[in-house]
2 protein chains.
Amino acid sequence: MKRNTWQREAVRDALDGTEGFISAQALHSALHASGSPIGLATVYRALGDLAASGDADCLQSPEGEAIYRACSTGHHHHLICRNCGLTVEIAADEVETWAQRVAAEQGFTAPAHVVDVFGLCAECSRQAAEGAPA
Amino acid sequence: MKRNTWQREAVRDALDGTEGFISAQALHSALHASGSPIGLATVYRALGDLAASGDADCLQSPEGEAIYRACSTGHHHHLICRNCGLTVEIAADEVETWAQRVAAEQGFTAPAHVVDVFGLCAECSRQAAEGAPA
DNA sequence: CATGGTTTTGACAATCATTATCAATAACGC
DNA sequence: GCGTTATTGATAATGATTGTCAAAACCATG
């Protein structure tokens, strides 16, 4: 049987209250910072459960960490600066449509998708342009 | 100065001769299997260099490993069955264009993107339809 | 409310990929 | 061939994630 513990709720709430993606470690830190004595392993387990039950999406950050996002809270994507971490929310109607179409074409159902764009934000691009050339 | 070593060539060749994506570990194993005494750290370094110089693309596998691909072999995305793991390669010209456009609109440069569609493949959809209902 | 059967938790060890270290080696210009 | 210096590779270190297992919490029941 699946039991309801405050820990699981805490993780779910924390994830719901988070804008974009967050790593398990970061979520654990955030919970600790807000006074929760929740264990790290438990956060991993709770996130895994949420992902398995479809309440959260999981993908790999460019740094190799698993990052999670609440699945129900409105759907949008992110444009993330790989240097400073700046995150811009982007609507992606075209991509929604596209994703459903390609899924359907292959006979796939229950399509979900992970679409995120990484790049260098204007600021970091400028800095890179200044520093990089010989 | 950048020196030319047989190790680097071996990694480049091995990557060129590989169909899709391959992890650093797997590439190292493959090289060893074909008699190369190349070291693991060197494979990581060579792959990192290739990625840095744009000769290879790098992304994170769902299992959390970094996987690499020779850059010339066309860019595509994946449609992944969340139940059986079946993976279908999908072309996504629209999405490529879209990603670059939204990145540019926000002043972002060097856009890369993570686009993967998860769903239930035809087979698993059918099984789910049979098994799930009470 | 106390009890019991299970699930869940959490501290810690174990694992796995990746990166850093650093002496020895090999490549390249001369 | 020589010397300089980037590169290699064995190993240790790091960091995220998962496994372990006794103790605690949850929930239905008496």
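Reckoned from all heavy atoms, side chains included, excluding hydrogens, waters and symmetry mates. Owing to the predicted nature of the structure, the values given are computational and were not obtained by experimental measurement.
Listed here is the closest heavy atom pair of A/Ala24 and A/Val43: O-CG1, 3.8 Å. Heavy atoms only, all atoms of each residue included: B/Leu27 and B/Ala14 are closest at CD1-CB, 3.5 Å. Between A/Leu15 and A/Ala56 the shortest heavy-atom distance is CD2-CB, 3.7 Å. The heavy-atom pair separating A/His32 from A/Pro37 by the smallest distance is NE2-C, 4.0 Å.
Within the nucleic acid shown, A/Glu65 comes within 4.0 Å of sugar-phosphate atoms alone, with no base atom in reach, counting heavy atoms only.
Listed candidates were D/dT7, D/dA16, C/dT6. Nearest to the side chain of B/Arg3 is D/dT7.
Considering only side-chain N and O atoms, B/Tyr44 lies nowhere under 4.0 angstrom from the phosphate OP1 or OP2 of C/dT19.
Hydrophobic clustering (side-chain heavy atoms under 4.5 Å, transitive across Ile, Leu, Val, Met, Phe, Trp, Tyr) groups A/Leu31 together with A/Tyr68. A continuous path of hydrophobic side-chain contacts links B/Leu50 to B/Ile22 [ILVMFWY only; heavy atoms under 4.5 Å].
Pairs of Watson-Crick or G-U wobble type, with distances under 3.5 Å, assemble into runs of 3 or more in DNA chain D at these ranges: C:1-30 with D:1-30.
One can place CD1 of A/Ile67 at 14 Å from P of D/dA16, the figure rounded to the nearest angstrom. Rounded to whole angstrom, the span from the CG atom of B/Asn4 across to the P atom of D/dT7 amounts to 10 Å. Atoms CG (A/Leu50) and C1' (C/dT8) sit 15 Å apart, rounded to a whole Å.
The distance from atom CG of B/Asp13 to atom CH2 of B/Trp6, rounded to the nearest 0.5 Å, is 12.0 Å. Separating the CG atom in A/Asp16 from the CZ atom in A/Arg69 is a distance of 12.5 Å, to the nearest 0.5 Å.
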Using a 4.0 Å heavy-atom cut-off to protein, can you give one letter per nucleotide of nucleotides 9-14 of chain C, 5' to 3': B if the base is in contact, S if only the sugar-phosphate is, - if neither? BBB---
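Without hydrogens or angle criteria, A/His28 side chain to A/Ile38 main chain gives a donor-acceptor distance under 3.5 Å.
Shown for residues 26-34 of chain A: no residue has heavy atoms falling under 4.0 angstrom of DNA chain D.
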Stepwise, does the side-chain contact (heavy atoms from CB on, under 4.5 Å) test hold for A/Thr42 with A/Arg8? CA-CA 8 Å; A/Thr42 304; A/Arg8 244 189 275 265; over 6 Å; no
Could you go through the side-chain contact (heavy atoms from CB on, under 4.5 Å) check for A/Gln100 and A/Phe108 one step at a time? CA-CA 9 Å; A/Gln100 293 190 17; A/Phe108 276 55; over 6 Å; no
